[in-house]
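Heads up, the thing below is written out as structure tokens.
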Amino acid sequence: MSTSLKNLLHRNLALLIVVSGVLGSLFVYRTTGYWEDEQLRRHVAKEADVLSSRIEDRLETIRKEAHILATTLARRPDIGAEEFDEFAGLVMKHHPMLYGIAWAPRRIVQGQPHFPVARVLLPGDIVPPLGFDITSESRRAAAITWAIESGEAVITREVKLQPNGTRGVVLIQPVFAAGRPTHTIAERQASVVGILAVGIDTQAYFDQVMRPQWGRFDFVVRDTPGEEVLYVHAVRPDSAQVPTIDAIEQAATMHRSEVRAVDHPWVIRAAPAPGILMEHPRERPALSLLLSLLLVIATILIARLLKRGRANLENLVAQKTVALRSSEERFRDLFELSADWFWEMDADLRFSYFSGGSSRGMDKFIGLRRWELPIELPPEQWAVHKMVLEARQPFRDFEYSISSVDGTRLWYAISGKPLFDGSRFVGYRGTGRDITSRKALEEELREHRDNLKELVAAQTAGLLRAKEAAEQANQSKSEFLTNMSHELRTPMHAVLSFARIGHLKADIAPPDKLRGYFEHIRASGERMLELVNDLLDLSKLEAGRMQYSMHRMDLRRCVREVVAELAALFETKKLACTIVVNATDCHMMGDPKRIDQILRNLLGNAIKFTPEGRRIEIEIADCAIPSGRRAGDSSHLLPGLRLTVADEGIGIPEAELDDVFEKFTQSSRTNTGAGGTGLGLAICSEMTRAHRGIIRARNRPDGGAAIDIFLPALGESP
Ligand code: ADP
């Protein structure tokens with residue numbers, strides 16, 4: 001139905017209901033009318049049928065009685081008048097509506113049969129038409145011919161029964177000679193002796209028969225051949241109009257029936273008259289019309305209510321539709337703008353929808369299953385996912401990756417829930433998320449964590465080393481304290497012992513002896529002073545308060561002076577000391593006092609750790625010092641002097657070559673009682689650094705240790 005037609009119907013609903021209601025009412029009215037008419041028609045039919053059989057019965061009785069009379073006349077054609085009147089009178093008495101009965105024996109005149117009336121019985125004072133040839137009138141003649149030929153009684157069409165106008169029909173009964181054959185027409189024509197004619201006054205006849213129904217029905221009786229009206233009956237009260245023949249015959253509830261008038265039918269039409277109509281009042285149509293109209297009014301009211309309800313409903317639906325549309329648009333925008341998307345699968349687990357499918361290039365996946373996509377996932381993970389789908393279970397954050405066209409790896413996380421129509425599984429619906437950036441972050445984080453682990457491990461190792469170093473330092477300090485107390489106590493004991501002896505023997509001991517005692521006291525005091533100086537130097541170095549007086553100095557001269565200073569010690573241990581100079585110029589920037597102190601320390605150690613009779617060599621040589629601060633940075637070299645003190649002593653374990661420069665540290669080879677504080681080389685190292693120089697220890701290939709000091713000749717900062 002087109003929309004405009006719908007609108008038209010919708011707008012004119014009330015009018016439509018009124019029109020259809022009125023039409024419906026009329027229909028009901030008409031239908032009810034027809035139904036009542038049908039009832040009436042049936043009633044009319046029933047009564048008309050009763051009437052028909054009454055007419056037939058009466059005619060049949062007349063025919064039978066005529067036949068009996070004919071049998072008598074067959075035997076006695078010349079019956080006397082009295083006798084005839086007696087017999088005919090009996091018949092006339094039974095049937096008062098008969099006009100008269102006549103007997104017309106056959107006479108042959110000029111070879112032609114004639115039937116002149118010989119006997120006749122008529123009511124009242126009518127002159128008997130004796131000698132009247134009843135074949136003189138065509139209708140009668142035709143009926144006589146037919147009656148003779150058929151051998152049976154027949155009834156004429158309506159004829160004048162008498163000249164004054166009484167009309168009726170005549171029952172013609174042929175009378176054949178008794179004992180003569182009447183099988184064929186010829187035999188009947190030959191043996192006919194006369195005609196018995198029974199005149200029936202149709203008006204009187206039908207009045208008589210139909211009287212019981214007068215007032216209840218209007219009647220029209222017609223003779224079938226020619227449709228001549230034989231009888232009409234219709235009466236009304238004075239004021240009312242009597243219906244015409246047409247009105248009776250065309251009445252809606254008229255009933256038509258046929259009666260057998262001896263040999264041919266009469267048609268009787270009976271229409272209900274006021275009498276019977278009063279028995280069938282037409283109330284129902286009016287009642288049904290009233291009910292229908294009430295129904296229409298009720299329907300209109302209901303329709304109005306429904307219309308109002310429908311308007312409200314439409315309003316609500318419109319509001320909801322707007323809300324739904326905006327919500328749908330919101331979700332669509334959300335999905336199109338966000339990196340997430342929405343998907344659907346059918347019951348066969350094939351993709352049937354992607355939100356923004358074309359813009360995301362996902363339309364090509366429609367109809368495929370997820371595992372038919374170019375996804376990189378181990379088979380066992382697919383198996384687990386398929387099991388979840390087969391079990392129609394929801395799933396969350398199922399992750400996989402796809403290699404994009406440019407080779408980058410894209411990661412996605414998918415969530416979904418199964419859909420059911422009642423208990424029937426119809427597919428899956430869910431969301432997808434691009435988690436590539438999250439995966440990249442996770443990867444970065446993992447790398448950082450690994451790096452951090454390495455860093456922590458490295459720092460832990462460093463800390464362990466620092467701890468070990470601290471423990472080592474602690475141990476060194478303990479050893480230092482032990483050594484220190486030993487180193488201090490030994491000269492102190494010597495001082496106190498020789499002082500006590502000197503005091504006791506001051507008067508008795510010879511002067512040389514006493515001088516010896518004082519000499520011991522002085523040596524021990526110097527030893528103690530040296531220790532205390534070392535400690536003071538160290539504390540100054542640690543506090544950064546050591547004063548340097550840098551100026552140009554001659555290293556060779558410095559070496560010679562210190563060697564001369566220590567000559568007695570070399571002598572004591574019978575050590576040879578050589579000075580080798582391989583430098584073109586032994587001048588340099590430095591503090592001679594500190595350089596002397598360094599040399600004294602180095603030579604002191606060399607003397608201490610070298611067995612008697614061996615050799616100590618001091619070398620001054622040219623060298624190049626890297627200017628870079630970082631180790632191995634030899635891009636820029638500065639000119640310098642190398643001062644090496646090499647001995648033939650016990651040497652230093654290779655692993656401890658660096659450690660001996662730490663404070664309070666002695667090599668494992670000498671810390672078991674060789675004396676010393678472990679401060680000398682530490683002081684040397686600090687002082688060398690103050691001169692922007694480098695100090696290092698090594699073992700000589702043929703035994704003994706060597707300490708090299710590299711000093712920049714110009715005192716520049718390397
Ligand atoms: P100390 O007062 O103990 O000599 P140093 O700092 O001068 O302290 O020396 C540290 C340690 O280095 C010494 O105890 C010794 O074990 C080792 N050492 C130094 N010089 C030599 C050397 N010429 N031969 C062998 N070992 C040496």
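Only this structure's heavy atoms are used, side chains among them; waters, hydrogens and symmetry mates stay out. Remember, it's 1-based here, ligands and their atoms both numbered in the order they're listed. Keep in mind it's a predicted model, so treat the numbers as computed, not measured.
Residue-ligand proximity, Val660 to ligand 1, at heavy-atom distances under 4.0 Å covers atoms 12 (O). Applying the 4.0 Å criterion to heavy atoms of Ser667 picks out, from ligand 1, the atoms 16 (O). Less than 4.0 angstrom separates some heavy atom of Gly678 from each of these atoms of ligand 1: 1 (P), 2 (O), 3 (O), 6 (O), 8 (O). Heavy-atom contacts of Asp647 reach the following atoms of ligand 1: 22 (C), 23 (N), 24 (N) (cutoff under 4.0 Å). Every atom of ligand 1 with a heavy atom of Leu679 under 4.0 Å away is listed here by number and element: 6 (O), 8 (O).
The shortest separation from a heavy atom of Gly649 to ligand 1 is not under 4.0 Å, leaving the residue out of contact. Using 4.0 Å as the threshold, Arg669 has no heavy atom nearer than that to any atom of ligand 1. Heavy atoms of Leu602 stay at 4.0 angstrom or farther from ligand 1.
Ring pair His385/Phe398 is parallel by interplanar angle, where below 30° counts as parallel and above 60° as perpendicular. Between Phe365 and Phe354, the ring planes lie perpendicular to each other; the angle is over 60°, past the 30° to 60° tilted range.
Looking at Thr665 against ligand 1, only its backbone comes within 4.0 Å, counting heavy atoms. Contact annotation: for Ile652 versus ligand 1, heavy atoms closer than 4.0 Å belong to the side chain alone.
Looking at every heavy atom in both residues, Asp591 comes nearest to His691 through N-NE2, 2.9 Å.
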